[in-house]
Amino acid sequence: MATPDFIRTIRAAAGHQLLWLPGISAVVFDDEGRVLLGQRADNRKWTVINGIPDPGEQPAACAVREVYEETGVRCVPERVVLIRSSGEVTYPNGDMCQFMDITFRCRAVGGEARVNDDESVEVGWYEVDSLPEMEERQLFRIKQALTDEPTWFEPMSTD
């Protein structure tokens, strides 16, 4: 994912220290029930479409923007399916961050899936029973988007 300018500004002052950042993920389905995935340029991993909202940008608007910017697909957010914090991530340059991710289920309404920027090397529609190899957290987002359950969140500890 490309680093937004506002984060570069923060990094200039904060260095590599851990930043707590918002993240948005979009699980986009087409009319055939296929899910839209992208293979990231930075690590070659397959993921649902995701990104960081711009300052002041609403989460659903960010999901729509990121999907279009990365894939050329137009979508409509239908509901929030998951809210979860990630583990700490350390990038090759030493920058550390942790994301508070809001995952939306979205419906494709136009456009054609293609690599639309430099963040992905491949983009496409996949049947949910024949997905490329993906990390468990990505599969969990898709699983939650396929259910009609309430928004998922990590249960509070009773300790």
Side-chain angles (χ1 to χ4, degrees), residues 1-4 7 19-91 97-158:
M1 130 183 356
T3 304
I7 293 178
L19 296 181
W20 179 243
L21 299 170
I24 302 298
S25 296
V27 182
V28 183
F29 294 102
D30 67 6
D31 291 338
E32 297 173 35
R34 299 176 301 174
V35 64
L36 181 63
L37 301 176
Q39 186 178 32
R40 294 173 55 106
D42 60 354
N43 61 19
R44 299 297 198 253
K45 292 182 179 179
W46 285 96
T47 68
V48 298
I49 309 307
N50 56 62
I52 298 172
D54 293 329
E57 184 178 30
Q58 292 297 318
C62 175
V64 170
R65 176 181 56 78
E66 287 289 344
V67 168
Y68 183 74
E69 284 179 358
E70 294 182 24
T71 71
V73 171
R74 299 274 184 204
C75 71
V76 174
E78 295 181 322
R79 65 186 180 91
V80 174
V81 297
L82 180 141
I83 299 173
R84 180 186 224 176
S85 65
S86 71
E88 290 183 16
V89 177
T90 302
Y91 292 95
C97 64
Q98 188 169 8
F99 294 96
M100 173 57 68
D101 179 70
I102 301 172
T103 300
F104 288 88
R105 177 190 168 108
C106 300
R107 178 175 38 88
V109 293
E112 189 171 323
R114 65 180 182 273
V115 174
N116 208 36
D117 65 11
D118 61 359
E119 294 183 43
S120 301
V121 293
E122 193 172 339
V123 166
W125 294 104
Y126 289 84
E127 301 289 339
V128 294
D129 59 355
S130 57
L131 299 172
E133 184 176 331
M134 300 174 74
E135 291 183 350
E136 182 57 38
R137 68 180 179 203
Q138 300 295 330
L139 295 171
F140 188 70
R141 288 177 174 125
I142 296 167
K143 176 187 167 211
Q144 287 306 118
L146 288 168
T147 72
D148 288 326
E149 295 177 14
T151 301
W152 185 93
F153 54 89
E154 189 75 38
M156 292 179 48
S157 173
T158 58

(message) Please find the pair of heavy atoms, one from C75 and one from V64, that lie closest to each other, and give the distance.
(response) O-CG2, 3.6 Å
(request) Quick one: pull up CG in L139 and OG1 in T47 and give me the separation to the nearest 0.5 Å. (result) 11.5 Å
(request) Mark yes when over 12 heavy atoms from residues, nucleotides or ligands other than E133 sit less than 6.0 Å from its CD; otherwise mark no. (result) no
(request) Report yes if some heavy atom in the side chain of I83 is under 4.5 Å from a heavy atom in the side chain of M100; otherwise report no. (result) yes
(message) Within the 4.5 Å heavy-atom criterion, are F29 and L146 side-chain neighbours or not?
(response) yes
(request) Can you see which heavy atom on V48 is nearest to which on A26, and at what distance? (result) CB-O, 3.5 Å
(message) Nearest 0.5 angstrom please: Q58 CD to I24 CD1, how far?
(response) 9.5 Å
(message) With rounding to the nearest 0.5 angstrom, report the CD to CZ distance, E70 to R40.
(response) 8.0 Å
(message) In the structure I gave you, are the side-chain heavy atoms of Q39 and S120 within less than 4.5 Å of one another anywhere?
(response) no
(request) Determine the minimum heavy-atom distance between W20 and S85, stating which atoms define it. (result) CH2-CB, 3.6 Å
(request) Identify the heavy atoms of V73 and V67 that sit nearest to each other, and give their distance. (result) O-CG1, 3.4 Å
(message) Do R74 and Y68 have side chains that approach each other closer than 4.5 Å (heavy atoms only, starting at C-beta)?
(response) yes
Enumerate donor-acceptor pairs with a distance under 3.5 Å from any side-chain N or O in residues 124-132 to protein atoms, sequence neighbours excluded.
none

(message) Using side-chain heavy atoms (C-beta onward) and a distance below 4.5 Å, is Q98 in contact with S86?
(response) yes
(request) Kindly indicate whether the side chain of N116, heavy atoms from C-beta on, has any atom under 4.5 Å from the side chain of T71. (result) no
(request) Could you tell me the separation between the CH2 atom of W152 and the OG1 atom of T103, rounded to the nearest 0.5 Å? (result) 10.0 Å
(request) Flag yes if more than 12 heavy atoms outside N43 fall under 6.0 Å of its CG atom; otherwise flag no. (result) yes
(message) A side-chain contact here means heavy atoms from C-beta on lying under 4.5 Å apart; do V27 and V35 qualify?
(response) yes
(message) The criterion is ring pair (Phe, Tyr, Trp, His ring centres under 6.0 Å); which residues satisfy it with F153, sequence neighbours excluded?
(response) none
(request) Measure across D117 and E119 and return the closest heavy-atom pair with its distance rounded to 0.1 Å. (result) OD1-N, 2.9 Å
(message) Show the nearest heavy-atom pair for residues F104 and P77, with the distance to one decimal.
(response) CD2-CB, 4.1 Å
(message) Please evaluate residues D101 and R141 with respect to the criterion salt bridge (Lys or Arg N to Asp or Glu O under 4.0 Å), reporting the C-alpha separation (whole Å), side-chain torsions for both, the decisive distance (0.1 Å), and the verdict.
(response) CA-CA 10 Å; D101 179 70; R141 288 177 174 125; 3.3 Å; yes
(request) Working to the nearest 0.5 Å, report the span between NZ of K45 and CE of M134. (result) 11.5 Å
(request) Step through the shown structure and confirm whether more than 12 heavy atoms of other residues, nucleotides or ligands are within 6.0 Å of CD on E112. (result) no
(request) Give, for atom OG1 of T147 and atom CZ of R105, the distance between the pair rounded to the nearest 0.5 Å. (result) 9.0 Å
(request) Inspect the surroundings of CZ in R84 and state if more than 12 heavy atoms from other residues, nucleotides or ligands are less than 6.0 Å away. (result) yes
(message) Counting C-beta onward and ignoring hydrogens, is there a side-chain heavy-atom pair between L37 and Q138 closer than 4.5 Å?
(response) no
